[in-house]
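Note that ligands are numbered from 1 as they come in the structure, with each ligand's atoms numbered from 1 the same way.
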Amino acid sequence: MLVFEAKVGRKGMSKNPQEQKMQSLVSLCRRRAFIFQSSEIYGGLNGCWDYGPLGVELKRNIKELWWKDTVLSRTDVEGVDCSILMNSKVWEASGHVQSFTDPMVDCLQCRGRFRADHIVNNQCPTCGSKNKFTEVRHFNLMFKTHVGALEDSSSVAYLRPETCQGIFANFDNIVNTCRVKVPFGIAQIGKAFRNEINPRNFTFRSREFEQMEMEFFCNPSEAPKWFQYWKDERYDWYLKYGIKKERLHLREHAKDELAHYAAGCADIEYDFPFGCAELEGIANRTDYDLKRHSEFSKKDLSYFDQGLNQRYFPYVIEPSAGADRATLAFLVDAYEEEAERTVLRFHPRIAPIKAAVFPLVNKDGMPETAEQIFNTLKKRWNTFYDDKGAVGRRYRRQDEAGTPFCITVDGETSKDQAVTIRHRDSMAQDRIAMDKVVEYLAKYLEA
Ligand code: ATP
């Protein structure tokens, strides 16, 4: 993929093993329909990506597990799904209109445009020339549009650059309709848009992406406790679904890195082939957002705590994750090249296809039996049927897709009413009675 190639490594330089790994993963993503360039037939659109049949299942599994673990399995978090376009006062109150900017410089040699804070040793990341940059300018990252037929200042709207402001704007609605009591959270998954100066590293820095955010409202005195709680919860979440611990880091922000309103912030970072980078941020946002929205909307968003008989503005602990960055981390983490095969070792809960069914020889009623098993499994899990080519090749194709189980119906099946289940990672094979296959797989897929 040329767009990606141009962004890893400097032109004319040979790639290091990490760059090669990334390059191979990007081509696997394209070849096996995980991720395509957006509008590829027109040359693409920088910073935008499309998920193909395997990619959409992978990303959906990640979002659904986040939703299940953050909202459905808890009694103290409610979900919302807010509009992308909001009254532009929201973005004045949040501070985005005034200060959601990145510092930008252009290279005078190759005309490349970069974030000033991404330049190392005053050297251009594209052409390598030194000290040849324009002055730093500040660039607002919000996409601006107009609502309705008139394009004047009164119709300005923005594509939301983060999902959490919809949550703050609905704080009162949830308090008044859902019988929630502090401490409680409101969660949302949805698209966010940022006109990034230099989208790069595949889907890592995109202009259109999805966030998984939760605002947890608590008594100010309990904020440090909940901040620690959510850092632990969120770090463990990635481990639970198979991310390797040695590649996952929790980095506490230094005081001078903190946003002016934040009392604490930590990033969950992952060792990507292009470097260690942020997957998720967990911040103690204090009472900044509710106070600002109270001020700008003239609606009192303070909370009356009946237990304490006290009115106050709750503090907010925010774990804010990117669904696309998480998807990329799960892909990188699962990717392995072995002598005989390339394999994606996804956790079974993350894997886009859960099982593949192969009739081994096309005779003796085998396809009918295989189809029967396929139809049973398909009702419950995303299952793939493949009756083409040598079985070794069929295994390889599923290894590359990250399918944890392959089930073969062979010459013995009609005699012993059993099938062979082959495990992707160990390649070990178990002989299982046909009527026990669902039970057997459920142990792994629903554990
Ligand atoms: P960065 O420093 O990498 O620009 P950020 O600190 O601005 O990220 P936040 O505003 O904290 O990011 O957004 C929360 C999460 O949203 C990030 O941790 C990341 O997972 C995701 N995210 C932010 N910007 C992008 C982007 N351009 N492309 C993909 N995901 C993004």
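Figure legend: cation-pi geometry between Lys231 and Phe227, with NZ or CZ positioned under 6.0 Å from the six-membered ring centre and within 45° of its axis. Taking the ring centre of Trp230 as origin, the terminal cationic atom of Arg234 falls outside the region bounded by 6.0 Å and 45° from the ring axis.
Exactly one residue among Phe216, Phe184, Phe217 makes a ring pair (Phe, Tyr, Trp, His ring centres under 6.0 Å) with Trp226. That residue is Phe216.
Taking 4.0 Å as the cut-off between side-chain N and carboxylate O, Glu208 and Lys191 count as a salt-bridged pair. Of the charged side-chain nitrogens involved, none lies within less than 4.0 Å of a carboxylate oxygen, so that Glu64 and Lys59 do not count as a salt-bridged pair. Contact check on Asp399 versus Arg341 returns a salt bridge, with a Lys/Arg side-chain nitrogen under 4.0 Å from an Asp/Glu carboxylate oxygen.
For a heavy-atom separation below 4.0 Å, the residues in contact with ligand 1 are Arg115, Arg194, Glu196, Phe204, Arg205, Ser206, Phe209, Gln211, Glu278, Leu279, Glu280, Gly281, Ser320, Ala321, Gly322, Arg325.
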